[in-house]
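Nothing fancy with the numbering, it's 1 onward along the sequence.
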Amino acid sequence: MSDVAHPSPKASIAEERASPSFPVRELTYWIDGGRRVTELKERIMLELERDPLWRVNDHPNLTLAETRERAMSKVRRLADLATSRPLEESLMRMSIISVVDPGFWTRFGVHFGLFFGALQGQATAAQMAYWMDRGALSMQGITGCFGMTELGHGSNVAGLETTATLDERTDEFVVHSPTLTATKWWIGGAAHTATHCAVYAQLIVKNKRHGAKTFVVQLRDTKTFALMPGVEIGDLGKKMGRDQIDNGWIRFTHVRIPRSHMLMRHTKVTRSGDVIEPPLAQLAYGALIQGRVSMVSDSANVAKRALTIATRYASVRRQFGGGAPGVAETKLIDYPIHQYRLLPLMAQTFAMIFTAREVTANYEKLMGELSELSDSNDAAAADAIKNLKETHATSAGLKAFCTWMCLNIIDQCRQSLGGHGYSAYTGLSQAYSDFAVHCTWEGDNTILTLQCGRYLVATALEARKGQPLPENLSYLRGAVSSAGALSSRACTGDTPENVSSLDTLKAAWSSVAANAILNAVRDFEAGLAKGLSKDDAYEFSSASRLHAARMHTYTYLLHRFAAQVDQSPATLRPVLTLLAQLFGAHSAVQHSGEFLQSKFYSGAQIEALKAFVTHACSEIRKDAVSLTDAFNYTDYVVNSPLGRFDGDVYEKYFELVTSLNPAKPVPYFDSLIKPLLERTNETELGPDLEIDE
């Protein structure tokens, strides 16, 4: 019998909640945006938990066919709710479902977010009314998908090969896939579900190409579900994750659609074949930013779940210790290395939470402004376009680095569970597989960072000519001298307190980001000096552009986090300030070479910054469980026995595994195992040979 004490896991987690340094419920309200929003969220979580249709703990045991069928069984229920309940409630429900069942969220979102979103952003008023009458919103008569990506093209939308050629004689467009690589690929909903598709194709009128535009093409007969003439569709089958969505491929062979099925809010084609381009063509891309903005929120929401599981488990799991008789083993969360492993990730998650709130509000404000422009080309339109470019670049950088950040958080949390993290029933292995797609859809992350970096270089060059800087690049004013070189600002003092204040960290990151942008500008100009074209010079400077985008995005995250700290209630400010400091300091330590290069921090100050990170982790450790409680995910949403609120991890883990895998005879014992065990060592020797006699 062991002399080691074995405290109850329930008691272990209860003691973590004994004396939080802040009011937990108040932080929940602050994260959610108010008490009313929190209560709405709690009501929806309870509704999902009590609905048998939304069972999720058996997902690991479902086949591909069962997974897709169960997802489809939820579609009608949610479609009715989406059109009968207030918009705020529907959006909140989808936000929760994106964490509970991300594969279903994708399947449902393909229609409402992508197909219907394309109509909202690109259809004229008359076209919108036409498709609404046919059930585009309610899914009564139409289920849609979004056909942009091709087998041979993804991020390069301008290079899409599918064509839509105007036949003036019949007043129709002929949609065609001229090559194998023009086959639409990865199209969610295409394999089993969609009747119509918002197809991106090269507009061709009178033998002239006018770029990629959007066309609504019917795929299947809405009564018989038979494929329309000229339409071929196949199933892409099993994927890394999100098997709830029926991704497929589509090939068109001279498919005819009415001219009016080209969405013409921006570019228009007349009956006589005249192509009318909008004076502000950039407006067409405003709606495409929405997906990137939403993925900042998605990253924060998924990271909250991963950290809830890992932090709660670390507070009940005990491993090693002094070894004295009657002394309990040490909690994982009490080991400094485990604190260093998890708590900087907690700080990153809060940075994403508050940045998502602000960037979403800015995007909604911008889209409101754009909707009132009516393609006019006045000063207001010019300002809106400038804001659109800035939002496009910012959202590109945030989408890339927040999804990368979240994917790392999921995997680090999974690894922190030890061997149990490898189980499909503990929640994080599937979370990783489901979330990984965020790094490539809605724009490959590396490509998006280069777009952000290109904007940063262009803006810095314009500022050199006297153009005003956008608000989120205002740090360049103080960080760059009038001669265009990096200012000689540096941190003073070597103590952890000196180097880690929020103001110091904001200045430090501003200096580093400015330095990275200036380096990218120098590389770009070096390319031009070599005789390269403008585009080739940008490619020449691609590595430094990506780095500039990284430094700028981390700076943006810290500044937005700090702004939210300043606005927070006084009772929350101490813990949020410490989290913001930890985010800025830990990120700086991870990129310490950049801070030394910009000469903001010295080697000794970097060491002081490391000491602060260790101190901050030990302080935040005291509130670690309470911080995850403030995320306010119910056990149903957490969906992991290791992340239970009550800490009863071992009993519930054992119950789940045994209930989903009951003992039964091995099906291949007689055919495989028994013959293996009963085989003999006798071999056929063959005839005796005369030569051996």
Side-chain angles (χ1 to χ4, degrees), residues 110-124 126-128 130-137 139 141-153 157 160-168 170-205 209-236 246-269 284 287:
V110 161
H111 175 88
F112 283 94
L114 296 179
F115 176 77
F116 190 74
L119 296 178
Q120 283 183 303
Q122 301 182 56
T124 66
Q127 288 177 320
M128 193 67 186
Y130 174 88
W131 292 112
M132 289 283 283
D133 288 345
R134 280 151 183 78
L137 175 60
M139 299 182 81
I142 288 178
T143 53
C145 61
F146 187 76
M148 178 182 284
T149 302
E150 296 177 353
L151 181 59
H153 286 88
V157 177
L160 295 176
E161 297 179 79
T162 303
T163 58
T165 305
L166 180 66
D167 184 339
E168 297 176 55
T170 61
D171 198 29
E172 294 174 314
F173 282 109
V174 180
V175 180
H176 184 58
S177 307
T179 64
L180 176 66
T181 50
T183 304
K184 293 298 180 182
W185 205 261
W186 285 120
I187 310 306
H192 293 170
T193 314
T195 61
H196 291 68
C197 183
V199 177
Y200 276 68
Q202 297 290 345
L203 171 63
I204 301 175
V205 179
R209 291 184 175 242
H210 295 270
K213 311 300 176 186
T214 311
F215 304 81
V216 179
V217 181
Q218 186 168 352
L219 304 178
R220 294 179 169 97
D221 185 289
T222 57
K223 302 297 184 184
T224 67
F225 224 55
L227 293 176
M228 300 300 288
V231 176
E232 298 175 81
I233 292 179
D235 193 333
L236 291 184
D246 51 323
N247 293 88
W249 56 264
I250 309 172
R251 187 158 56 182
F252 303 104
T253 303
H254 303 298
V255 177
R256 289 182 171 268
I257 62 171
R259 177 174 55 88
S260 60
H261 284 199
M262 171 184 164
L263 301 183
M264 297 193 193
R265 181 175 182 179
H266 302 292
T267 300
K268 299 172 175 58
V269 179

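- Across Phe215 and Ala164, no two heavy atoms sit closer than the pair CZ-CB, 3.4 Å.
- Counting all heavy atoms, side chain and backbone alike, Ala123 lies closest to Leu263 at CB-CD2, 4.0 Å.
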Please assess His196 against Phe115 for the test side chain to side chain contact (heavy atoms under 4.5 Å, CB included), listing each intermediate value before the final yes or no.
CA-CA 9 Å; His196 291 68; Phe115 176 77; 4.1 Å; yes
Could you please spell out the steps behind the side chain to side chain contact (heavy atoms under 4.5 Å, CB included) verdict for Trp186 and Leu236?
CA-CA 7 Å; Trp186 285 120; Leu236 291 184; 3.8 Å; yes
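- Contact detail for His254 and His176: the closest heavy-atom pair is N-ND1, 3.2 Å.
- One finds the NZ atom of Lys213 at 10.0 Å from the NE2 atom of His266 (value rounded to the nearest 0.5 Å).
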Show the numbers, then the answer: is there a ring-ring contact (aromatic ring centres under 6.0 Å, His included) between His261 and Trp131?
CA-CA 10 Å; His261 284 199; Trp131 292 112; 4.9 Å; yes
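- Residue Leu166 forms a side-chain contact (heavy atoms from CB on, under 4.5 Å) with just one option from Met262, His210, Arg259, and that option is Arg259.
- Listed here is the closest heavy atom pair of Ile233 and Ala191: CG2-CA, 4.1 Å.
- Side-chain contact between His192 and Asp235 is present, with at least one heavy-atom pair separated by less than 4.5 Å.
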Evaluate the criterion side chain to side chain contact (heavy atoms under 4.5 Å, CB included) for residue pair Val199 and Thr214; output intermediate values, then yes/no.
CA-CA 5 Å; Val199 177; Thr214 311; over 6 Å; no
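- Side-chain N/O atoms of Glu150 and Thr162 include a donor and acceptor closer than 3.5 Å.
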Trace of the ring-ring contact (aromatic ring centres under 6.0 Å, His included) decision for Phe146 with Tyr200:
CA-CA 8 Å; Phe146 187 76; Tyr200 276 68; 5.3 Å; yes
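- Residues Met264 and Val269 form a side-chain contact, since some pair of their non-hydrogen atoms from C-beta on lies under 4.5 Å apart.
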Could you go through Trp249 and Lys184, starting from their C-alpha distance and side-chain angles, then the distance that decides it, and tell me whether this counts as side chain to side chain contact (heavy atoms under 4.5 Å, CB included)?
CA-CA 5 Å; Trp249 56 264; Lys184 293 298 180 182; over 6 Å; no
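- Thr143 contributes a side-chain N or O that, together with a main-chain N or O of Thr195, makes up a donor-acceptor pair within less than 3.5 Å.
- For the pair Leu203/Arg209, no side-chain contact is recorded, criterion being any heavy-atom separation below 4.5 Å from C-beta on.
- Listed for the Ser177 side chain is a donor-acceptor partner under 3.5 Å among the backbone atoms of Phe252.
- For the pair Thr163 and Ala201, the tightest heavy-atom approach, listed with the atom from each and the gap, is C-CB, 3.9 Å.
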